[in-house]
Amino acid sequence: MRKVNGFDFQGWLNLKLNGGGINLKNRIISRALPLMVIVSLLFSLVPVNTLASNISIVFDGRTVASDVPPVIQRGTTMVPMRVIFEVLGADVEWDSSTQTITAKKAANTIRLTLGSRTATVNGRTVSLAEPANLINNRTMVPIRFVSEALGARVEWVAATSTVRIASTDASRLRSPVSSEIRLTTGGATFPFPLYSRLFAEYRKVTRPTVTIDYAGVGSGAGIRGLIGRTFDFAGSDAVMSEQQIREAGGEVLHIPTVMGAVAIVYNIPDLNRRLRLTEETLAGIYLGEITRWNDPRIASENPGVTLPDLHITVVRRSDGSGTTAIFTDYLSSISKKWKDTVGMGTSVRWPGTTVGGPGNAGVAAQVAQISGAIGYVELSTAILNRLNFAEIRNSSGRFIAPSESTTIAAAAGFGGNVPKDLRMSLVNTPGANGYPIVGLTWLLVRRDQTNENIAKVTVDFLRWAVLERNLESFTADLFYAPLPQNMLDIVRDQLKSINVNGNPIWK
Amino acid sequence: MREKIVTKDPGEGIFPHVTAMAAILIILLSGSIFFVVLSGAMPALKKFKLSFIFSTIWDPVLDIYGAAPAIYGTAVSSFLALLIAAPLGVGTAIFLTELAPGWLRKPVSYMVELLAAVPSVVFGLWGLLVLAPWLRKGVGLFLDEKFGFIPLFRGPFLGVGMLTGTLVLTIMILPTVTAISREVMLTVPLDQREGMFALGATRWEVIRKVILPGSKVGIVGALLLGLGRAMGEAMAVTMVIGNTFIISPSLLSPAQTLSSLIVSEFPEAYGMQLSALMLLGLILFAITLAINIIALIMVNRSAARLKAGKELVPVQISMPYGEGALVLVKKKNLSKME
């Protein structure tokens, strides 16, 4: 028996739902029902016993963030409606005249009325231990009932006060459109491995099947495809310029998917500890002003490290790339000279003598081969190629190595100042423990859509991937960091603004 | 019944039209490619005009573009590659047609043709991961240390650069040069060789006086086709040439070619940068087209020469007071000599 604060938890929630049908334990219910009525009458006479709690909700292994903590009301764990339906990926409608909540997820539909102890699941009436109701002006619903009714499995872990929800094959299914459909998308190559896995998984969970084709043609070509309407949405490592948005002839939403760090990798033989670089030194090296590793400007920040009298070979990307855009954005933000003489872009006119390598792998190969080389690559490439990477001094004066946690810290440095259009740069943010060279990758979506089915799929996919955080299970070996909650809140608002002829897709 | 037998196969009527349509389609296709590249290049052509060819600046941030280092890189890497590939390829072709024992000819020919089927990215990877480190530690280091005072070999050599790009290109065009040279040499009629041998010529004389002169024009055509391939090659070169937009006299310096610049920047390009890349494509298009046309004309002339009886025939001339001499005479002139 699971016990919650002394209550018989399971006793209150003896609803078992198998597949779509409901298997009520009739004998138990028929005996318990009068008792429940009496008990609930008793409870309605005394003040509602609502306990704020430190209960955490874990969905498929990930902790679910909730702005309002779950509460236990007469033994039933209640959570904000918006939080739980978002996690489960259900569509919710609110009818204020009847005070009714309708949630739909693939084949399942549940209907709850505020304050009512009966609910319907796929048209069949079931009774609830605790009704959906308003607590502190938030609509709260019983977590076990709604999760199980929508096909998920729910488990209470008393030791850690955790409600564990596990999706099942049935609960993962979604039906954004009523017939099979194929979307054509494309763009940035760097997130291509992530996106291709993501689209394949999304295809598995949609009935009827939704196929999204993604062509890894580069951010520039992605933007061209979006403007020319050959792509239904596009991937890009760089934000669109005002000029490009004008050419697109309508608002383009920038939906960030993941963020990642750009590591400064180097090849110095026999170095006994991790190299530290200040922003001035790094800019000096790439400007061609610092050309030897034993330069006093490098040595002064690395006491106790014997730096060799070795020529610094500067390696950079030969192809146009979002990684270059992030790196040159960083150099422009910390060096006025760089900003004035080179600037930022997916490819730039590199000062001094440099070597260009194609792709992250090309830069990594050059750095690994050339003794005395320095280069910049996505963190995953640095780790997979076992390259050494430097600690870079951030805006708070600390030397920080790139990692998932320092990437998150960099984004957290923004605090509440996240721009509403999410067309933001994450370099050199004020976070004390943040790594300074961090960038985002976006999916670009037209706000005003013309085809309703394509719009529905686009919104549903982005909800599933970004808001329901399904993409995070594909990022482990890519060393991407998940987006912070404040950005996800803006993403939700953006997705809700997507419309066809002024009618929003996600109500 | 009889009429049915006489009735033509419906294919008789349709077939010529189908083939004509296929041919027209190809013409339309190449025409539209040219048109798309031209219209894409127009903004850059209007903005930079002729200065595009001579400018050495490529700055996507300021939107200023020129092509000189890329044209230079393409020209130097291709011609150097041809310079190395010509003796190797023609030599292999001579060996295969004239010298190699019969059992060896087929396998070696297949090997050469197999080389042509290797995807260019494999050559690029091999160049980057095997050839470049080897050159840097070996040949490049040696050249820089011993001959670094000559601008041609001024270091530091980073493994990637003009030298590595040239060598990878050499390997890539070798099968083209070898296979076509071999085909052309095989067209030299057997009776000429046998005639020469019958007259007591050595193998060396046969090669020098019959095979090479007879297939000269065809070999030049083969070399030009190889040159065309070298100029158009993008992926493998991109991986090993260092992709630096400079004109350096040194073979050890990183460089840039037209095709590698296009393949590097096209995916992320936008606006004027895209147009400038299109213009690079147009320049490359013009150069390779010119080279291919010249090559085809030369190969065709070699074939036409055979038909017209212009090939040379060995003739033993008796001299009044001597032992006589072996000379080559154009076949159509043979009658005049009688």
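By the neighbour-count criterion of 12 heavy atoms within 6.0 Å, atom NZ of Lys47(B) is densely surrounded, having more than that number from other residues, nucleotides or ligands. Other residues, nucleotides and ligands contribute more than 12 heavy atoms inside 6.0 Å of the CZ atom of Phe149(B).
The part of Leu274(B) that comes within reach of chain A is its side chain, from C-beta onward, which places non-hydrogen atoms under 4.5 angstrom from that chain. Proximity to chain A (any heavy atom under 4.5 Å) is shown, for Gln256(B), by neither the backbone nor the side chain. Looking at Pro133(B), the atoms closer than 4.5 Å to chain A (heavy atoms on both sides) sit in the backbone and in the side chain alike. Both the backbone and the side chain of Ser219(A) come within contact range of chain B, judged by heavy atoms closer than 4.5 Å.
For the atom pair CG (Asp59(B)) and OG (Ser347(A)), the distance works out to 9.0 Å, reported to the nearest 0.5 Å. Separating the OG1 atom in Thr353(A) from the CD1 atom in Ile246(B) is a distance of 6.0 Å, to the nearest 0.5 Å. Here the OH atom belonging to Tyr270(B) is positioned 3.5 Å from the CD atom belonging to Glu247(A), to the nearest 0.5 angstrom. Atom CG in Asn243(B) sits 11.5 Å away from atom CZ in Arg317(A) (nearest 0.5 Å).
Phe245(B) does not carry Arg316(A) over the face of its six-membered ring by the limits of under 6.0 Å from the centre and within 45° of the normal.
In terms of heavy-atom pairs under 4.5 Å with chain A, the best-connected choice from Gly271(B), Ser253(B), Gly242(B), Pro254(B) is Gly242(B). Between chain B and the options Gly322(A), Ala368(A), Ser321(A), the largest number of non-hydrogen pairs under 4.5 Å is found for Ser321(A). When each of Gly345(A), Ala238(A), Pro358(A) is scored by its heavy-atom pairs under 4.5 Å with chain B, the top score falls to Pro358(A). By number of non-hydrogen pairs under 4.5 angstrom with chain B, the leading residue of Val342(A), Asp237(A), Val355(A) is Val355(A).
Residues Gln369(A) and Leu129(B) have side chains in contact (heavy-atom distance under 4.5 Å, counting atoms from C-beta outward). At a threshold of 4.5 Å between non-hydrogen side-chain atoms, the residues Leu128(B) and Gln366(A) count as touching.
Arg349(A) places no side-chain N or O within 3.5 Å of a backbone atom of Ile64(B) that could act as its donor or acceptor partner.
For the residue pair Thr324(A) and Glu268(B), no side-chain donor N or O sits within less than 3.5 Å of a side-chain acceptor on the partner.
Thr354(A) approaches Thr244(B) most closely through the heavy-atom pair O-OG1, 2.9 Å. Of all the heavy atoms in Thr238(B) and Ser318(A), the pair that sits closest is CG2-OG, 4.4 Å.
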